[in-house]
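Each chain gets a letter, A, B and so on, in the order the sequences are listed, and its residues count up from 1.
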There are 2 protein chains.
Amino acid sequence: MATAVAVTISDAEWRVMRIVWTLKQTDSRTIINLLAQQHDWKPATIKTLIGRLVKKGALATTKQGRQFIYTPLIPEQNAMDTALTNELDQMCAMHRGTAIAHVLEQTEMSKADVQQLIDVLAKKLPTAPDTVHCDCLPGDCEGSCES
Amino acid sequence: MATAVAVTISDAEWRVMRIVWTLKQTDSRTIINLLAQQHDWKPATIKTLIGRLVKKGALATTKQGRQFIYTPLIPEQNAMDTALTNELDQMCAMHRGTAIAHVLEQTEMSKADVQQLIDVLAKKLPTAPDTVHCDCLPGDCEGSCES
DNA sequence: AGTTACAGTTTACAATTGTAATCGGTCGGT
DNA sequence: ACCGACCGATTACAATTGTAAACTGTAACT
């Protein structure tokens, strides 16, 4: 593990990454064209985002003639996992399950995905603890941890 | 629906909210004491966070003598759902399922929660579409959308 | 060879966030 | 009646982020 420090990608930057992840590799012209359609961002704005992503180490550049070809340096699934995990980790451990349940209800997923999730959960069931305690208060959470 | 605009709570603010959510109502002294244990935040820092949360409409204040009693104005579960949904929504629709799977594998949950999730998913299975397409590129994603 | 056009870099600037000191008012104690 | 402790408000300041203009270099076209 070398580049483990986990680059953080901001919301706007995330849009750029999705383009590059999907196309695997592109030039800035393409990114700018595609993004200018979805949002009404000026080319300059998108250039800034690309530049920041390169500086952050999220995108690699390969010089090709006068321009660059951009490639993702961090895998999409990896970024997704990290982002979701970070979000979840800052929440009360006791309530995470319910939050995920609500999100699942509202997320459209393919049959295969739903089945995959069921499998993962089925595998978890036997080893799952009976209770997971609230970790919102410091120390041993003296008494006040109910609900 | 009146206050629907959905306050955004920053990471540091989230810590404060968790205290208030767990205690249901408290004064700043308590919040400061508890948080100063978990992080090494100066009391002034925590006061700032509380102030911002009040201004944002995330905390209500009730004057009690010289001080205030703080109460959550937005429900915890609600904030959790919104935060997770926002995060997910900015990701490629096609890959959300897998991302959730990875997160599930790493999240500790009670047996009851795991079972609840299984139930939710079982109910989703019949109506789940066969495929969910990538929505990373604009327009009709002309051809270039493969895995 | 000169100019255009575009790629990438630099600079800009306001809003949000993390982190905190200081100020001003008041309640409680001496 | 005065002082101190403490609460909440005001001010501060750097980093990150959203948004974008301006600058610079060079490849391509005339």
Side-chain angles (χ1 to χ4, degrees), chain A residues 5-20 23 25-71 73 79 82-83 86-87 90, chain B residues 5-20 25-71 79 82-83 86-87 90:
Chain A
V5 233
V7 241
T8 35
I9 296 165
S10 80
D11 286 4
E13 288 162 3
W14 200 274
R15 310 302 305 196
V16 176
M17 290 305 292
R18 284 178 63 181
I19 301 282
V20 185
L23 300 181
Q25 60 163 121
T26 10
D27 50 32
S28 66
R29 152 172 304 295
T30 309
I31 300 177
I32 289 172
N33 285 160
L34 292 176
L35 279 182
Q37 276 177 255
Q38 318 187 225
H39 313 272
D40 62 291
W41 285 344
K42 303 289 169 296
T45 302
I46 303 170
K47 287 186 193 179
T48 301
L49 294 173
I50 295 176
R52 287 181 184 166
L53 285 167
V54 171
K55 185 185 306 175
K56 282 185 181 183
L59 288 181
T61 55
T62 312
K63 182 149 247 153
Q64 195 204 41
R66 83 298 213 75
Q67 41 176 139
F68 284 143
I69 298 295
Y70 297 96
T71 348
L73 270 180
T82 306
N86 285 344
E87 198 70 39
Q90 100 183 316
Chain B
V5 235
V7 242
T8 35
I9 296 166
S10 79
D11 286 6
E13 288 162 4
W14 201 275
R15 310 303 306 196
V16 176
M17 289 305 293
R18 284 178 63 182
I19 301 282
V20 185
Q25 60 163 114
T26 9
D27 50 34
S28 67
R29 150 171 306 294
T30 309
I31 300 176
I32 289 172
N33 284 160
L34 292 175
L35 279 182
Q37 274 177 257
Q38 318 186 225
H39 312 273
D40 63 292
W41 286 344
K42 303 290 168 296
T45 302
I46 303 170
K47 286 185 195 179
T48 301
L49 294 174
I50 295 176
R52 287 180 184 168
L53 285 167
V54 171
K55 186 184 307 177
K56 282 186 181 184
L59 288 182
T61 55
T62 311
K63 184 146 248 155
Q64 196 204 39
R66 84 301 211 76
Q67 39 174 143
F68 284 141
I69 298 296
Y70 297 95
T71 348
T82 306
N86 285 344
E87 198 70 40
Q90 101 184 315

By nearest atom, which of the nucleotides [options] is closest to the [X] side chain?
X	options	value
B:F68	D:dA12, D:dA9, C:dT10	D:dA9
A:T48	D:dT17, D:dA21, D:dA12	D:dA21
A:R52	D:dG8, D:dG18, C:dA7	D:dG18
A:A44	D:dG18, D:dA20, C:dG8	D:dA20
B:S10	D:dC7, C:dA7, C:dG18	C:dG18
A:Y70	C:dA12, C:dT19, C:dG8	C:dG8

[X] vs [N]: side-chain N/O to OP1/OP2 distance below 4.0 Å:
X	N	value
A:W41	D:dA20	no
A:R29	C:dC6	no
A:T45	D:dA20	yes
B:K56	C:dT17	yes

Between [atom2] on [N] and [atom1] on [X], what's the gap in Å once rounded to a whole number?
X	N	atom1	atom2	answer
A:I31	C:dC6	CD1	P	17 Å
B:I32	D:dA9	CD1	P	12 Å
B:K55	C:dT16	NZ	C1'	11 Å
A:Q67	C:dA7	CD	C1'	7 Å
B:R15	C:dT17	CZ	P	17 Å
B:I50	D:dC7	CD1	P	10 Å
A:I46	C:dA7	CD1	P	12 Å

Between B:H39 and B:W41, what is the ring plane arrangement, given parallel below 30°, perpendicular above 60°, and tilted in between?
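Judged by the thresholds at 30° and 60°, the geometry between B:H39 and B:W41 is parallel.
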
Please tell me which of B:D27 and A:E13 maps to the more 5' nucleotide of DNA chain D, matching each residue to the nucleotide holding its nearest heavy atom.
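By nearest-heavy-atom nucleotide position, the 5'-most residue is B:D27.
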
Would you mind classifying the nucleic acid contact of B:D11 as base, sugar-phosphate or nothing, using non-hydrogen atoms under 4.0 angstrom?
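Sugar-phosphate only.
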
Check every strand shown and say whether B:K42 touches a base, only sugar-phosphate, or nothing at a heavy-atom separation below 4.0 Å.
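Counting heavy atoms under 4.0 Å across all strands, the contact made by B:K42 is with sugar-phosphate only.
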
I'd like to know whether B:D27 forms a side-chain hydrogen bond (donor to acceptor under 3.5 Å, both in side chains) with B:T30, so could you lay out the CA-CA distance, the side-chain angles of the two residues, the decisive distance to 0.1 Å, and finally the verdict.
CA-CA 6 Å; B:D27 50 34; B:T30 309; 2.6 Å; yes

